[in-house]
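Accompanying notes for the structure given below.
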Amino acid sequence: MAQVRVERTEDGFVARNDRGAEIAMGSGDEQGTFTPVELLLAALGGCNIVTVEPLTAQRGHRMVRLAMTVQAEKIEASRLGPITISYDVELPEGDEKAAEVLRAVAHRVEERYCTVSRALREETEVGLELP
């Protein structure tokens, strides 16, 4: 089970997990914070890249640089338009198959194995519990 605790603090808002990691959140006006939408995009990118990297490396094609940008526009006050994941990659020199392997793995991961991608695509049910 995945779980985080989000709470208001004296400085704004923070999300924490049970392993001691925390991330500051805000409305977008505060320096040093992520907005909730930025965290959603980070989760999507993170889910993809942490799955793609070991799979390409296991196949003998470790990218020299593997990064991505994840972006979306708000099309309404509380609705995102299409999300675009753009890879920024430096292929290993002399590795003729690296690009092909990366493309195949990245597509497969995004379509089938990234939990965040699937949750967004399949409109995962969200429940609300109040005291």
Side-chain angles (χ1 to χ4, degrees):
M1 170 186 231
Q3 178 178 308
V4 296
R5 179 173 174 81
V6 181
E7 64 182 308
R8 185 190 69 222
T9 66
E10 289 186 25
D11 299 327
F13 298 88
V14 66
R16 291 184 180 97
N17 66 21
D18 292 340
R19 294 177 308 283
E22 64 179 49
I23 191 157
M25 296 186 302
S27 65
D29 296 328
E30 307 86 357
Q31 290 296 315
T33 66
F34 281 90
T35 68
V37 171
E38 290 168 337
L39 289 172
L40 175 71
L41 298 177
L44 178 60
C47 183
N48 274 275
I49 205 166
V50 302
T51 308
V52 165
E53 198 286 326
L55 291 175
T56 56
Q58 286 171 5
R59 287 162 177 74
H61 307 281
R62 183 166 171 85
M63 305 302 132
V64 175
R65 181 183 66 255
L66 181 61
M68 63 174 48
T69 300
V70 185
Q71 61 186 17
E73 295 288 328
K74 276 194 172 184
I75 57 173
E76 293 177 17
S78 60
R79 187 165 171 237
L80 288 179
I83 299 171
T84 303
I85 300 170
S86 302
Y87 275 84
D88 176 17
V89 178
E90 183 180 341
L91 300 171
E93 192 173 321
D95 187 341
E96 315 293 313
K97 292 198 167 243
E100 177 185 333
V101 169
L102 173 65
R103 278 193 297 277
V105 169
H107 280 289
R108 195 167 42 255
V109 165
E110 201 288 317
E111 292 169 358
R112 292 188 221 155
Y113 300 109
C114 174
T115 305
V116 179
S117 291
R118 294 191 68 192
L120 289 169
R121 197 177 305 105
E122 296 172 9
E123 298 182 26
T124 300
E125 182 180 322
V126 176
L128 180 63
E129 296 178 1
L130 296 168

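Note that this is a predicted model, so its numbers are computed, not measured. What's counted below: heavy atoms across the whole structure, side chains too, no hydrogens, waters or symmetry copies.
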Pairwise distance CE(Met25) to OG1(Thr9) - rounded to 0.5 angstrom:
9.5 Å
Mind checking the CZ-NE2 spacing from Arg112 to His107? Nearest 0.5 Å is all I need.
12.0 Å
Is it true that Phe34 and Leu40 fall in one hydrophobic cluster, defined by side-chain heavy atoms closer than 4.5 Å?
no
Which residue is it: Arg62, Arg59, Arg65? I am looking for the one with a salt bridge (charged side-chain N to carboxylate O under 4.0 Å, His left out) to Glu53.
Arg62
NZ-CZ distance between Lys74 and Arg79, expressed to the nearest 0.5 angstrom
13.0 Å
Linking I/L/V/M/F/W/Y whenever their side-chain heavy atoms sit closer than 4.5 Å, directly or via other members, would Leu66 and Tyr113 fall into one cluster?
no
Drop me the distance from Leu80's CG to Gln71's CD, to the nearest 0.5 angstrom.
12.0 Å
Check whether Val101 and Val64 end up in the same hydrophobic cluster, where Ile, Leu, Val, Met, Phe, Trp and Tyr are linked by side-chain heavy atoms less than 4.5 Å apart.
no
Does the side chain of Ile83 come within less than 4.5 Å of Leu41's, by heavy atoms?
yes
List the atom of Ala72, the atom of Gly81, and the distance in Å for their closest heavy-atom pair.
CB-O, 4.2 Å
Report the C-alpha distance between Asn48 and Ser117 in whole Å, list the side-chain angles of each, state the deciding distance to 0.1 Å, and finish with yes or no for side-chain contact (heavy atoms from CB on, under 4.5 Å).
CA-CA 8 Å; Asn48 274 275; Ser117 291; 3.4 Å; yes
Group every Ile, Leu, Val, Met, Phe, Trp and Tyr by side-chain heavy-atom contacts under 4.5 Å, then state whether Val14 and Val4 land in the same group.
no
Are side-chain heavy atoms of Pro92 and Met63 found at a separation under 4.5 Å?
yes
Glu123 atom CD, over 12 foreign heavy atoms within 6.0 Å
no
Kindly compute the distance separating NZ (Lys97) from OG1 (Thr56), expressed to the nearest 0.5 Å.
15.0 Å
Flag side-chain contact, heavy atom, 4.5 Å: Glu100 against His61
no
At their closest point, which heavy atom of Gly32 faces which heavy atom of Ala24, and how far apart are they?
O-CB, 3.8 Å
With clusters defined by side-chain heavy atoms of hydrophobic residues (ILVMFWY) lying less than 4.5 Å apart, directly or transitively, does Val50 cluster with Leu39?
no
Whether over 12 other heavy atoms sit under 6.0 Å from Tyr87 OH
yes
Looking only at heavy atoms, the pair that brings Val70 and Gly45 closest together is CG2-CA, 3.6 Å
What is the distance from atom CD of Glu110 to atom CG of Leu44, rounded to the nearest 0.5 Å?
7.0 Å
